A.B. asks: 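Pasting a structure here, questions to come.
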There are 2 protein chains.
Amino acid sequence: MSTRRTELTRAAARLFAEKGYHGTSTADLADALGVQKGSLYSHIESKADLLWEVASEGSAAFHAALDSVPDEGPVVERIRLALRAHLRVVAEQLDVATVFTREWRYLEGERRERFLDERRRYEERFRALFREGREHGELRTDLDDATATLLALSAANWAYTWLRAGVDTDALADRFTALLLDGMRGYASR
Amino acid sequence: MSTRRTELTRAAARLFAEKGYHGTSTADLADALGVQKGSLYSHIESKADLLWEVASEGSAAFHAALDSVPDEGPVVERIRLALRAHLRVVAEQLDVATVFTREWRYLEGERRERFLDERRRYEERFRALFREGREHGELRTDLDDATATLLALSAANWAYTWLRAGVDTDALADRFTALLLDGMRGYASR
DNA sequence: TCGGGACGCTAACGATCGTTCGGAAGGCGG
DNA sequence: CCGCCTTCCGAACGATCGTTAGCGTCCCGA
């Protein structure tokens, strides 16, 4: 993809994250490139293309990050790595992560469905970790893994609102993991 | 406040939650009332007024819910009640909660600042619970209460994306609390 | 040296945006 | 019955929306 086209996508990610998809006009996008708004259409067919592209980039980045987590080994460790992977993507590609998490819903038609498939698949990959942990006895056998997944994904999905570049996301993910595993009470109950 | 004016606010909450603030036109709002868009201006001075009103309603609802949590007693119990209170507001006033959590950022000027003050104060009230729990020894003394607060607030703030009316939010909040307190491993570590 | 593709310009399109205005119903208290 | 208040209408405002069109300009490979 040509340089100019890439610049446009980057500007779109930044502006969509900052002002929202509907809050960003083609004039805003053109200004970011120092160009007239009509000139954008040498590169795209519509503004919606840019949203689709950035959202897809987010899907790809999060799935790729999860791919780096091994299929084998202690589940507890893999959960830690999955959280690390997710938070790293959020911090390093904050704009893309924001569009992936918040602005995707302005996708329309078949693209919206395709995006939702990817998003559901991503959450399913998380859920599988917690289920496996319960089934293999690494996590408590009476664990409500649906709730546990929800809690972990909430932390992951909310991160774009407060995470900023430069934070040590590995340490952060490890703190989340420690809390999720052992709780705040710190000793066994019931 | 007159009936008609209240209807308008309710329609605004619903549409802003469904299509976003910038994705909702004054024509959409007028349609919801079965009226011409010019007629809206018998009730409001601008579309931004409606956003401010719904966002403020959210602030009031969440703060009021927290007010029902006692100042005394076991912190662990109060955390449970605080989560219950929050999730109840989300489920019972999903539109308002959505605007409070996602659409507020399109507020402008002094209103934006005032909203942010309320939002920060709300989070601070949560944070105080976890800090107190650590200081009083109800939670482990080496607890990272900033991270613990972040985890709890993530669960609370993300809820609007998946919670639907009719769910037993008390039971849900209790499951979250149990997980936060004792973790998924279910026995003491270190 | 020529041809073509990449890129941007100016100008304009119809549609829709949020908002304003003057006037007209209808109900209700005096 | 009068006069006010609330509510809405119909029409229009200027601004901005996303998009299209035709036409230059530049560079690069043939």
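The structure presented is a predicted model; accordingly, all values stated were derived computationally and were not measured. What you see below is based on every heavy atom in this structure, not just the backbone, and it leaves out hydrogens, waters and symmetry mates.
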A.B. asks: Does a side-chain N-to-carboxylate-O contact under 4.0 Å join A/Asp117 and A/Arg120?
C.D. replies: yes
A.B. asks: With under 30° as parallel and over 60° as perpendicular, where do the rings of B/Tyr21 and B/Tyr106 fit, or are they tilted in between?
C.D. replies: parallel
A.B. asks: List in chain and number order the residues that pass side-chain hydrogen bond (donor to acceptor under 3.5 Å, both in side chains) with A/Arg80, two or more places apart in sequence or in another chain; answer none if no residue qualifies.
C.D. replies: A/Glu77, A/Asp174
A.B. asks: With sequence neighbours left out, what residues match A/Thr169 under side-chain hydrogen bond (donor to acceptor under 3.5 Å, both in side chains)?
C.D. replies: none
A.B. asks: With sequence neighbours left out, what residues match B/Glu92 under side-chain hydrogen bond (donor to acceptor under 3.5 Å, both in side chains)?
C.D. replies: none
A.B. asks: Does atom CD of B/Glu108 have more than 12 heavy-atom neighbours from other groups under 6.0 Å away?
C.D. replies: no
A.B. asks: In whole Å, what is the span from the CD atom of A/Gln36 to the P atom of C/dT10?
C.D. replies: 5 Å
A.B. asks: Name every residue in residues 106-115 of chain A that has at least one heavy atom under 4.0 Å from any atom of DNA chain C, in order of residue number, or write none if there are no such residues.
C.D. replies: none
A.B. asks: Rounding to an integer number of Å, can you tell me how far A/Asp31 CG sits from C/dC9 P?
C.D. replies: 11 Å
A.B. asks: Any sub-3.5 Å donor-acceptor pair from A/Arg114's side-chain atoms to A/Ser56's backbone N or O?
C.D. replies: no
A.B. asks: Under a 3.5 Å distance rule, please check whether B/Arg134 uses its side chain to pair with a backbone N or O of B/Asp144 as donor and acceptor.
C.D. replies: no
A.B. asks: Does anything in residues 159-169 of chain B pair up under salt bridge (Lys or Arg N to Asp or Glu O under 4.0 Å), and if so which pairs, sequence neighbours excluded?
C.D. replies: none
A.B. asks: Is a salt bridge present between B/Arg127 and B/Asp145, judged by a nitrogen-to-oxygen distance below 4.0 Å?
C.D. replies: no
A.B. asks: Under a 3.5 Å cutoff on both atom distances, Watson-Crick or G-U, what's the dot-bracket for DNA chain C ([ ] crossing, | other strand)?
C.D. replies: ||||||||||||.||||.||||||||||||
A.B. asks: Under 3.5 Å, which protein N or O atoms sit close to an N or O of nucleotides 23-25 of chain D? Give each pair with its distance.
C.D. replies:
none

A.B. asks: Suppose we screen for side-chain hydrogen bond (donor to acceptor under 3.5 Å, both in side chains). Which residues come up paired with A/Arg14, at least two apart in sequence or across chains?
C.D. replies: none
A.B. asks: Relative to the ring of B/Trp104, is the ring of B/Phe115 parallel (under 30°), tilted (30 to 60°) or perpendicular (over 60°)?
C.D. replies: parallel
A.B. asks: Is there any salt bridge (Lys or Arg N to Asp or Glu O under 4.0 Å) pair reaching into residues 40-49 of chain B, and which pairs are they, with sequence neighbours excluded?
C.D. replies: B/Asp49-B/Arg111
A.B. asks: When the ring planes of A/Phe126 and A/Phe130 are compared, do they come out parallel, tilted or perpendicular, using 30° and 60° as the limits?
C.D. replies: parallel
A.B. asks: Using the salt bridge (Lys or Arg N to Asp or Glu O under 4.0 Å) rule, collect all pairs that involve residues 58-67 of chain A, keeping only residues at least two apart or in two chains.
C.D. replies: A/Asp67-A/Arg125
A.B. asks: Listing time: all N or O pairs from protein to nucleotides 3-6 of chain C that are below 3.5 Å?
C.D. replies:
none

A.B. asks: When you check every protein heavy atom under 4.0 Å of nucleotides 15-20 of chain C, what one-letter string (B, S, -) results, 5' to 3'?
C.D. replies: --BBBB
